[in-house]
Amino acid sequence: MGARTATLPLTERITTVLLHPVRRVSWIYAPTLPDLAFAVRTSFAAIISLLIAMWMELDSPQWAPLTVWVVAQSSRGESLSKARWRIFGTLVGGVAAITLMAAFPQAPALFFTCLSLWIGLCCALATLLDQYRAYGLVLTGFTSAIIATGAITQPDDVFAISVARTSYIILGVLCEAVLAVVFMPRMVEHARQQLLDRLAETFRATCANIIQQICAPAGPEQQAITGSLLQQIVTFSGQIEFSALELGPRNHVGDHARRALAGMLVMLAQARALQILHPRMTAPPRMDDTPPERALATWLQQNTPDPATDTVDSPEWQPVTTALVSEAARVRSEMTACATAPRGDRFRFSLTSRRHMHEAVNNGIRAAAAIMGACMVWEITAWHHGPAFISFVALIYGLMATRENPLVATTPFLKGGLWCAAVASVLALWIIPAITAPEILLAALLVPMTIGGLAARRPHLAGYAFSFNMFLPVLIGPINQGRFDEVSFFNNTMAFLASIIFVLLTYRLVVPFRMDVHIRRTEAWVSQRLRHLGRIGTRTDATTWLAACAASLVRILFQASALPPPVLGACMARQIMSMTVGIYVIRLRELVRGGHLSPRAGRIVGLFLARWDRGQAAAMTPYVLAWTRHEQARVTTPQARQQMAEVLACLRIITTGLHENPDIMTQKVTKYVVSDMS
């Protein structure tokens, strides 16, 4: 019996080892229905666009399916947005290519220099934009390179080549859009319900996080949970415009949804303040099916001591509690407005994120240097496929330019490119030459494209699928009156793989991205903006401040795998505390500017804010705090006492922030020792 028991773990271990490779590819043989629908829909759209381009006898039909895979996204709103900006970028890029070819005839040095500067400018400006507006701008740059390099051997035909490339783009966009409409009936109802469900889920998670945050001390686990929630909110906020596109024009659902998410950020900051002011809360009961804002309000009321039995000066946390409950009710009202879409609604709300000027300059320099280096490689080697090499470099730089850390994204792109080259070699050298009918071509391409589409829906495989799906039709190169010979295929594939390696090397050598430098720069920016919040004339409100800080923190969290846990925890603690301190500096500024304080209190708080703006408030804070307590005990009217309690709460939160992070008022940021940031 003992021997039998001892053999069971060994048998289970062997079974687990044998089944592990099978389970790892379960996304191929057991995909979910949405993943399979996306893969099949996009594969059919890509193949149909290829067949139409071949039927129209276009010279490079492989660019049409590439466009389909670039445009295709998991939601219809994303596809619409990306398609719109892709068409815009293609049209502008075509005009730019024609202009460059016409401006520098028989002057290759000037032509390549200006082309490099133009692409660098597009990549730099794209870093200052959000979502697919940035993609449209980088597309302008690499479309110029693709058209211009395609017309180098026949410059008189640059206009025809530009029209042909534009035709491929529009054809691919139309094919993807038509099949998406067929595969996605009742898109408006589905989009609205999906938006409401996601808002409700995020709101419930926010209320649960607030209760947990107030009850538990601020530690690494709590910071990790809050950071994950911030990622969810910021990512959702950036995707709302896609849902608004799906719902059609002339609606303000996106504005209400963005305001609701901004309110959730305010609630998280207020919860951190309440944790500082009133750390005596008890663990709450389960919320069950109770609306989150009602459960939160009930729990806060239960944990509020009776003012009759408490001391006079204790309710300084009460204004924060009132503001938290009020903000939760405001979030619920905005969610209701998303569901009902009231007639005559004119509500507007938008959030602006931080503009990364330093990162923009770095991106521009890298892109310009890479294109110029690729042109020099062609000039030195006189490689017959040199123009294709330059086109691939420009295209890959355009795809990676707006990534926070493009070096991390380029490595999976290279691995996916190797898989693409292997599959393309089988198709181009053995299968495509034997095909005699369009139906057989469809069947031959459907299997690898569907597998690539399924991989695109897996987060850990999306980087591999990105290059595989896009460049498989390009490497196969199907044409009407012939096929790639072996030499042409290997040269084209070599140009593709060499371009990825070249881009990878330039990202490592030319102004390389360093995560520690990025963190120091972000914290210096937050510190500077935090000081300027004390200016009476500043218009930055709480939602704008929190959205900008949360977006900057989320950019760091996206690269969290490269950071040691102590470094990440310290960074998150400082950022969250700065966010909380900032909204109460803003509240003090609003009290002074609105004339809500007595003349005496207004002068003292105004002096404190002036010192805060100059970075000299740390030494003054204890004295202002003591004066506020004295003033609260001296005033007699309930309204004045309530105002001084609010001022006292703001000052206590600011004092705690200065105590936990002494460098919060300066741009002195600790140097991190981070190994292998890439």
Side-chain angles (χ1 to χ4, degrees), residues 124 127-128 130 223 227 230-231 234 265 269 272 351-366 403-406 511-535 538-540 542 544-560 562-564 566-586 589 609-619 621 653-675 677-678:
T127 312
L128 305 177
D130 299 320
Q223 290 171 0
L230 286 175
Q231 278 184 296
V234 172
L265 290 176
R272 179 70 181 100
L351 293 173
T352 56
S353 61
R354 172 194 170 196
R355 301 306 175 197
H356 314 269
M357 187 57 67
H358 197 280
E359 286 85 349
V361 173
N362 288 350
N363 264 342
I365 292 174
R366 274 195 298 260
R403 304 293 181 95
E404 188 65 45
N405 187 353
V511 197
F513 178 87
R514 287 183 56 86
M515 192 64 192
D516 53 346
V517 175
H518 177 72
I519 293 176
R520 292 201 300 271
R521 191 182 303 125
T522 299
E523 293 194 348
W525 174 83
V526 170
S527 175
Q528 183 182 22
R529 287 285 304 274
L530 181 60
R531 288 194 296 107
H532 294 339
L533 292 177
R535 294 180 181 176
T538 302
R539 297 296 178 183
T540 304
T544 302
W545 163 251
L546 291 174
C549 290
S552 297
L553 178 58
V554 166
R555 291 188 190 98
I556 295 174
L557 293 177
F558 281 146
Q559 309 297 332
L563 293 173
V567 172
L568 180 61
C571 175
M572 285 187 59
R574 279 191 293 270
Q575 291 275 28
I576 293 173
M577 180 53 73
S578 296
M579 292 166 61
T580 305
V581 169
I583 68 169
Y584 288 97
V585 173
I586 293 172
R589 187 191 71 204
L609 291 176
R611 293 287 184 89
W612 180 270
D613 182 31
R614 294 195 294 268
Q616 302 170 353
T621 303
I653 295 164
I654 293 171
T655 303
T656 303
L658 292 173
H659 177 72
E660 292 185 4
N661 183 13
D663 298 328
I664 199 171
M665 290 297 297
T666 67
Q667 295 189 22
K668 178 184 176 183
V669 182
T670 306
K671 278 195 174 184
Y672 301 112
V673 180
V674 182
S675 60
M677 279 297 178
S678 63

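Put simply, the side chain of Arg531 gets close to the backbone of Asp613: a donor and an acceptor are under 3.5 Å apart. No donor-acceptor distance shorter than 3.5 angstrom exists from the side chain of Thr544 to the backbone of Thr540, with no hydrogens or angles considered. Using a distance-only test at 3.5 Å, with no hydrogens or angles considered, no donor-acceptor pair links the side chain of Thr538 to the main chain of Gly534.
Applying the side-chain hydrogen bond (donor to acceptor under 3.5 Å, both in side chains) criterion to Arg589, with sequence neighbours excluded, gives no partner residue.
Here Ile519 contributes atom CD1 and Ser552 contributes atom OG; the two are 12.0 Å apart, rounded to the nearest 0.5 Å. A distance of 4.5 Å separates CD1 in Ile653 from OH in Tyr584, rounded to the nearest 0.5 Å. Taking CG of Leu546 as the reference point, atom OG of Ser578 lies at 11.5 Å (rounded to 0.5 Å). The structure places CG of Leu530 at 10.5 Å from CH2 of Trp525, a figure rounded to the nearest 0.5 Å. Distance check: Leu553 CG to Cys571 SG gives 6.0 Å after rounding to the nearest 0.5 Å. Taken to the nearest 0.5 Å, the CG atom of Leu533 stands 11.0 Å off from the CD1 atom of Ile583.
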Glu523 vs Arg520, side-chain contact (heavy atoms from CB on, under 4.5 Å): CA-CA, chis, key distance, verdict: CA-CA 5 Å; Glu523 293 194 348; Arg520 292 201 300 271; 6.0 Å; no
Given Trp545 and Leu265, is the side-chain contact (heavy atoms from CB on, under 4.5 Å) satisfied, shown in steps? CA-CA 10 Å; Trp545 163 251; Leu265 290 176; over 6 Å; no
Do Trp612 and Thr621 pass the side-chain contact (heavy atoms from CB on, under 4.5 Å) test, and can you show the C-alpha distance, the side-chain angles, and the key distance before you say yes or no? CA-CA 9 Å; Trp612 180 270; Thr621 303; 5.6 Å; no
Please test Arg521 against Glu359 for side-chain contact (heavy atoms from CB on, under 4.5 Å), starting from the C-alpha separation and ending with a verdict. CA-CA 10 Å; Arg521 191 182 303 125; Glu359 286 85 349; 3.3 Å; yes
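Residues Gly364 and Ala124 approach most closely at CA-CB, 3.9 Å, considering heavy atoms. The heavy-atom pair separating Ala550 from Val234 by the smallest distance is CB-CG2, 3.8 Å. In terms of heavy-atom proximity, Thr580 sits nearest to Ala269 at CG2-O, 3.4 Å.
Thr127 has its side chain out of reach of Val361: every pair of non-hydrogen atoms, C-beta onward, lies at least 4.5 Å apart. For the pair Thr522 and Gln575, the minimum side-chain heavy-atom distance is below 4.5 Å.
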